Amino acid sequence: MSDTVRESICLIARTSPADWKITAFSTWSLSKLADHLVKQKVVAVWTKTADDILDTLAAYCTRINDSGH
């Protein structure tokens, strides 16, 4: 997964579903976020487990937050 894709996922995950005009739920679940990312063409398919994805994204989001971006 490229850094650009990871950054896009982190940015979307930090938004509210309402920011995307989604009113059926107020917070992201992993499955809803995954569906949204596929619909937005950020990712094509999920090939890792949810725990792997969360671990990778948590580390990456921490890195980019600490870098002053």
Side-chain angles (χ1 to χ4, degrees):
M1 184 181 314
S2 73
D3 284 349
T4 303
V5 171
R6 284 186 186 110
E7 190 169 332
S8 295
I9 293 169
C10 288
L11 291 173
I12 292 171
R14 283 189 231 137
T15 65
S16 166
D19 295 336
W20 297 90
K21 307 213 181 337
I22 299 170
T23 58
F25 47 92
S26 59
T27 59
W28 296 114
S29 67
L30 280 179
S31 63
K32 301 277 193 226
L33 178 59
D35 290 344
H36 181 71
L37 292 170
V38 170
K39 286 178 188 172
Q40 294 299 314
K41 299 185 180 177
V42 175
V43 295
V45 291
W46 290 88
T47 58
K48 293 184 175 186
T49 67
D51 286 339
D52 289 339
I53 293 166
L54 286 176
D55 289 344
T56 302
L57 288 176
Y60 181 76
C61 289
T62 299
R63 257 193 349 260
I64 64 170
N65 284 340
D66 293 343
S67 69
H69 282 106

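Remember, it's a predicted structure, so these values are computed and weren't measured experimentally.
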Any side-chain heavy-atom pair from W28 and I22 closer than 4.5 angstrom?
-> yes
Can you tell if the side chain of Y60 reaches within under 4.5 Å of the side chain of I9, non-hydrogen atoms only?
-> no
Could you tell me which non-hydrogen atom of R6 sits nearest to which non-hydrogen atom of T56, and how far apart they are?
-> NE-CG2, 3.7 Å
By side chain to side chain donor-acceptor pair (under 3.5 Å) - contacts of D51 (at least two apart) | none
Should L11 and V38 be regarded as members of a common hydrophobic cluster, given that ILVMFWY residues are connected when their side-chain heavy atoms come within less than 4.5 Å of each other, either directly or indirectly?
-> no
Minimal non-hydrogen separation, A13 against L33, with atom names = CB-CD2, 3.9 Å
Side chain to side chain donor-acceptor pair (under 3.5 Å) pairs, two or more places apart, involving residues 10-19 = T15-W20
Listed partners of S29 passing side chain to side chain donor-acceptor pair (under 3.5 Å), at least two apart = S31
Side chain to side chain contact (heavy atoms under 4.5 Å, CB included) assessment of L30 paired with L54 | CA-CA 9 Å; L30 280 179; L54 286 176; 3.8 Å; yes
Exercise: identify the closest heavy-atom pair between V42 and V5 = O-CG1, 3.9 Å
